[in-house]
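Here's the structure, in structure tokens; my notes come after.
Basis for what follows: all heavy atoms, side chains included, without hydrogens, waters or symmetry-related copies. All values reported here derive from a predicted model rather than from experimental measurement.
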Amino acid sequence: EYKPNWFARGLNFNKTKTIGLVIPHMLNPMYMEIAKGVEDVAKQKGYVTFMCNVEKEPEIEKEYIEKLLTRKVDGIILMFSMLKEEYIKSVEEQGVPVVLIGQHGRRHEFNRVSADCRTGAENIVRQLVENGHRSIGILCGSDPKESVADMLAGYRNVLENSGIDIKDEYIRFVDNTIEGGYLGTKKMINNEAPRALFATSDEIAYGAMDAIKDSHLKIPEDIAVAGFGNDRMSNLLEPKLTTVELPYHKMGVYGARLLLDLMEDETKNSDKPKQITLNTKLRIRKSCGHKERIGEMF
């Protein structure tokens with residue numbers, strides 16, 4: 001009934017068959033779906049995944065990374081990391097491969113997997129314009145910061161190319177919660193309500209829909225609504241929420257595969273960082289005011 005000491009064995013073979021996965025917040029379904037993709041690949045390859053919940057606190061993130069390094073993990077995946085580039089580089093300099101999932105400041109300097117949020121936002125705002133909406137507001141969440149910035153840029157680009165004025169009062173920055181969406185929408189429609197609203201997350205969109213209904217307005221007849229993420233609840237609301245589907249599970253799968261490649265072939269660590277960008281999908285549903293529902297995709 002001898003059980004080998006995996007840590008001692010790892011030191012002997014210079015491999016512990018473990019990877020660290022740093023998650024911003026475990027209560028967020030988006031992050032957990034990405035984590036599932038990472039773990040599916042790791043388990044298949046015989047690796048154990050250490051999951052670290054950092055509560056969106058950079059100092060806690062640093063503490064967990066130091067503990068992972070102490071435990072001699074073979075590689076680390078940072079999900080929507082809040083750390084500065086210099087710190088991440090210092091981890092790589094210790095011989096531990098790092099893969100980022102999600103946007104990050106100087107993206108080209110790191111091995112990274114992300115979704116094309118800008119194009120996703122452009123597609124959904126263009127859909128609203130094609131549905132005849134000429135006044136479109138945006139509710140920008142606070143998380144993830146770089147992804148939201150890309151979505152705002154996509155929003156601006158489509159309106160400019162469509163000859164639609166961009167009004168400052170139609171751009172609101174809110175907490176990335178249902179409550180944030182509710183309050184942001186209430187403030188917007190109490191002044192001059194737009195004909196359509198784009199929220200940078202489905203959670204914000206849920207709050208926006210509640211605020212519109214509480215103001216005795218109809219969706220999409222008075223105000224059309226679109227979200228971002230394709231949360232499971234988005235297809236259960238009435239009206240069903242038009243949104244952009246992000247490939248969360250696939251982001252985790254690709255991130256884990258990239259990390260395993262780096263760990264198993266050390267020469268790849270000296271190569272130019274790998275950049276993998278995944279496409280999004282538009283899910284057209286009733287909330288956007290799409291008149292012909294032939295194109296509706298559930």
L139: which of T200, L183, T185, I171 passes side chain to side chain contact (heavy atoms under 4.5 Å, CB included): T185

Ignoring hydrogens and geometry beyond distance, is a side-chain donor-acceptor pair present between [X] and [Y] at under 3.5 Å?
{"X": "S142", "Y": "N176", "value": "no"}
{"X": "R134", "Y": "S162", "value": "no"}
{"X": "K240", "Y": "S287", "value": "no"}
{"X": "Q127", "Y": "N131", "value": "yes"}

Salt bridge (charged side-chain N to carboxylate O under 4.0 Å, His left out) between E122 and R118, intermediate numbers included: CA-CA 6 Å; E122 288 176 343; R118 174 165 178 157; 3.3 Å; yes

Within the supplied structure, the quantity of interest is the number of heavy atoms (other residues, nucleotides, ligands) at a distance under 6.0 Å from [X] [atom1]; does it exceed 12?
{"X": "K213", "atom1": "NZ", "value": "yes"}
{"X": "D165", "atom1": "CG", "value": "no"}
{"X": "K17", "atom1": "NZ", "value": "yes"}

Using a strict threshold of under 4.0 Å (side-chain N to carboxylate O), is an ion pair present between E192 and K167? yes

Check E66 with K62, please: is the shortest side-chain N to carboxylate O separation under 4.0 Å? no

Cation-pi between K67 and Y64: NZ/CZ under 6.0 Å from ring centre and within 45° of the ring axis? yes

Throw together a table of side-chain donor-acceptor distances under 3.5 angstrom for residues 248-256, partners on residues two or more places apart or in other chains.
{"from": "H249", "atom 1": "NE2", "to": "D40", "atom 2": "OD2", "distance (Å)": "2.9"}

